[in-house]
Every structure is written in C-alpha cells, then in structure tokens.
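See structure below.
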Amino acid sequence: AFEDRCTSCHALQDDYQGPRLAGVVGRKAGSVPGVSYTDAIKNAGIVWTPDKLDQFLTDPGKMVPGTAMPVSVPDPVERRNLIAYLASVPAGAK
C-alpha cells in the first residue's frame, strides 16, 4: 500500500513533494522543517496518531479543507495496514 499510494509524493526518510513519512506517527502536522506545507496543514493543530491518520487518509480534504494531499485510501483494511506500516518505521529509518 505504501508503494502504491504514497511514493509518488512521499519517501520514508527524504522530503519529496510531501514530507518524509518515517516517524510520522506521533509527529505534529506541518512540523518538518523545510517542507512547504499548506496553511491548512500548518494550522490544523493535529498530532498524527493512528486514529488521526485513519481519519485523514479516509478523506484528506474533508478533515483538513485546503490540504494539498490529493490521495485518499478508501479501503479500511488497506488504510489500517498502511498506518501500521508507518507506525513501525521510526524517524531516521531508511
């Protein structure tokens, strides 16, 4: 799911079009230095918990109107697996 859904804009360790995703669980939204975030994400006040990621990935624009995130993950099993994978990758992991 990570390869299919995320890698066109994200990488684990490097910032690409979107921020790096290693260590995303527990990180404040819009907080990676040097990444050009939308004001919507910077001002959302979200900490990326598994529940918040589930809500966001279900419909990013509904949860954070104005986000640049174009990809949703409508299948709940795929979403759960993707979030579990992201939670297993600590900040700094390659």
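Atom set for the values below is all heavy atoms of this structure, side chains included, hydrogens, waters and symmetry mates excluded.
- Residues in residues 59-76 take part in no salt bridge (Lys or Arg N to Asp or Glu O under 4.0 Å) pair, two or more places apart or across chains.
- Minimum heavy-atom separation, V25 to P50: CG1-CD, 3.9 Å.
- Under the side chain to side chain contact (heavy atoms under 4.5 Å, CB included) criterion, R80 pairs with V77, not counting sequence neighbours.
- With sequence neighbours excluded, no residue satisfies side chain to side chain contact (heavy atoms under 4.5 Å, CB included) with Y16.
- Not counting sequence neighbours, the partners of R79 by the side-chain hydrogen bond (donor to acceptor under 3.5 Å, both in side chains) test are D54, T58.
- The minimum heavy-atom distance between V71 and P60, with the atom names listed, is O-CG, 3.3 Å.
- Using modelled atom types, one side-chain atom of S88 and one backbone atom of Y85 make a donor-acceptor pair closer than 3.5 Å.
- Judged as a side-chain hydrogen bond (donor to acceptor under 3.5 Å, both in side chains), and not counting sequence neighbours, the contacts of D39 are K42.
- Proximity of a side-chain donor or acceptor of T7 to a complementary backbone N or O of H10 within less than 3.5 Å is not detected.
- Side-chain contact check for F56 versus I46: every heavy-atom pair is 4.5 Å or farther apart.
- Judged by distance alone, with hydrogens and angles left aside, the side-chain atoms of T67 form a donor-acceptor pair with the main-chain N or O of M69 at under 3.5 Å.
- Looking at every heavy atom in both residues, A11 comes nearest to F2 through C-CZ, 4.3 Å.
- Closest heavy-atom contact between I41 and G30: CG2-N, 3.6 Å.
- Residue I83 forms a side-chain contact (heavy atoms from CB on, under 4.5 Å) with just one option from L53, D51, V73, and that option is L53.
- The pair R20-D15 meets the salt-bridge criterion, since a charged nitrogen lies less than 4.0 angstrom from a carboxylate oxygen.
- In terms of heavy atoms, R5 sits closest to S72 at NH1-O, 3.2 Å.
- Among the candidates L12, V89, L86, the single residue satisfying the side-chain contact (heavy atoms from CB on, under 4.5 Å) test with V24 is L86.
- The heavy-atom pair separating P90 from A22 by the smallest distance is O-CB, 3.5 Å.
- With sequence neighbours excluded, no residue forms a side-chain hydrogen bond (donor to acceptor under 3.5 Å, both in side chains) with Q17.
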